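Residue numbering restarts at 1 for every chain, and letters A, B, ... go by the order of the sequence lines. Values reported hereafter were calculated over all heavy atoms of this structure, with side chains retained and with hydrogens, waters and symmetry mates removed. Given the structure is predicted, the values throughout are model-derived calculations rather than measurements.
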2 protein chains.
Amino acid sequence: MSETAIVRGEEELFARTAHLFAAADEVACAANDLNTWAASRRQHTSEQHGAVRVRKIYRPGVLLDPGTVAHLRDRERHGADIRLTTDEINETIIIDRRLVILAGDVVDGVRSYSVLTRPELVQGVSSLFEAAWRGARPLAGYSAEFAELRLLAPKILDMLASGSKDETAARTLDLGVRTYRRKVAELMSALGATSRFQAGVRARELGLV
Amino acid sequence: MSETAIVRGEEELFARTAHLFAAADEVACAANDLNTWAASRRQHTSEQHGAVRVRKIYRPGVLLDPGTVAHLRDRERHGADIRLTTDEINETIIIDRRLVILAGDVVDGVRSYSVLTRPELVQGVSSLFEAAWRGARPLAGYSAEFAELRLLAPKILDMLASGSKDETAARTLDLGVRTYRRKVAELMSALGATSRFQAGVRARELGLV
DNA sequence: TCCAGTCTGGCAGGAAGTTGCCGATCGGTG
DNA sequence: CACCGATCGGCAACTTCCTGCCAGACTGGA
């Protein structure tokens, strides 16, 4: 593999980097949802509990999905270090401080990935990751805060995604309009959105709708 | 393959049905975006111009993306029959009126597909497809209507997705607020959305943001 | 029981978004 | 040039959304 490779599709990425994941001592990862690096998970789930250090940064929005939270907790029990940040982060994996994978855009339905091994680049990306890591907060801190929102979130997202007005959505969910709107506001804050359109985009990105 | 199979992931779907696409005389397809059946495209793009009948139904929202439109036009030149409908449609492929593929939900990042061969099921799905087909309008009819919106749509979607207020977005795009809002309304209508949240979800689904 | 903290939901006032109306402007066309 | 149609964008009335305020309900201690 040359110093900079473009890989098209997660299948191919996985095929070409599986051995690296298998042998990794340290994996650092930033992602917006659980799906992005799903392929890589096939590895370190079963094997690799020992000395390997796994750090992951997500956005708080992932806490809105019960399944996702359960999964993250499970990963923590397996030794992974998980933090959350409200910053915009590009999806990134750094393996053993020697190789970087940056997720690119989706073209014709397949996502492309840049695989970098050039030391300066890896160093640069790593330093950015470290900065983001320091600025991120541990999972536990957010977790409680979102516990009750998580119960209602799927229903509220459904109502929002169906194009209902607040009035009817609140009635449907048997809530006061004020309470419904409070929940929507919390939801938007969790998604880091400042408009409902943006919230819709983010919710879809996270697979919440 | 039994009468009803569940296939996980587009790769596997493609692997198991590629020979069917290659030999197909008639393909009917309903999708919300171009990506869904992307794998199937690897087939009938190059080969198969002769007697094979290809019908596709999309939603008007696909017209908002210039690249998508160009692609659809190209497919039409290659003999495909393309129509648009404002109805909600589940993503479906019917091959030679003998086999049906229904797209399911995304779980852990991979989409599942149901492959049906049981004649009653295929017959039932086909009849629904035919009904939708009759209710759908040809691409050409919409195409002109969206021509000018398409130019502005990407910018407007960017502004919306960035969480800007109408006021600032309009200033940024050098439009009057009234005009900006008019465009947003047209956009939402094209997406079949009745709220901005819903529009955000749909736009994301179509990969427009 | 009483208290403190939390969640609820009505109300109100304001911000943001939606829409009809209409005159101004621009690019053809007769 | 006059006319026509289409678009633009300001205005205004209206709807929807956002949020601070606060009283009432509920909960878990002390």
Open item on the list: Taking the side chain as everything from C-beta on, heavy atoms only, tell me whether Leu157(B) gets closer than 4.5 Å to Phe197(A).
Closed with: yes
Measure from [atom1] on [X] to [atom2] on [N] and round the result to the nearest Å.
| X | N | atom1 | atom2 | value |
| --- | --- | --- | --- | --- |
| Met188(A) | dC18(D) | CE | C1' | 9 Å |
| Gln198(A) | dC18(D) | CD | P | 13 Å |
| Leu151(A) | dT8(C) | CG | P | 11 Å |
| Glu186(A) | dG20(D) | CD | P | 13 Å |
| Arg178(B) | dA12(D) | CZ | P | 14 Å |
| Arg181(B) | dT19(C) | CZ | C1' | 10 Å |
| Leu149(A) | dT6(C) | CG | C1' | 16 Å |
| Phe197(A) | dG17(C) | CZ | P | 12 Å |

Open item on the list: If you assign each of Ser195(B) and Leu152(B) to its closest nucleotide in DNA chain D, which residue comes earlier from the 5' end?
Closed with: Leu152(B)
Open item on the list: Going by the rule salt bridge (charged side-chain N to carboxylate O under 4.0 Å, His left out), which residues pair with Asp87(A) if we only count those two or more places apart in sequence or in a different chain?
Closed with: none
Open item on the list: I want to verify a distance call: between dG9(D), dT19(D), dT18(C), whose nearest atom is closest to the Arg182(B) side chain?
Closed with: dG9(D)
- [ ] Among dG17(C), dC17(D), dT8(C), find the nucleotide with the atom closest to the side chain of Thr179(A).
- [x] dT8(C)
- [ ] Would you check, one step at a time, whether the test side-chain contact (heavy atoms from CB on, under 4.5 Å) holds for Asp33(B) with Leu206(B)?
- [x] CA-CA 5 Å; Asp33(B) 57 66; Leu206(B) 293 171; 3.8 Å; yes
- [ ] Considering just the side-chain nitrogens and oxygens of Arg196(A), establish if one lies under 4.0 Å of OP1 or OP2 belonging to dC17(D).
- [x] yes
Task: Phosphate OP1/OP2 of dT7(D): any Lys183(B) side-chain N/O under 4.0 Å - done: no
Task: Identified side chain to side chain donor-acceptor pair (under 3.5 Å) counterpart of Asp166(B) within the set Arg178(B), Arg171(B), Arg181(B) - done: Arg181(B)
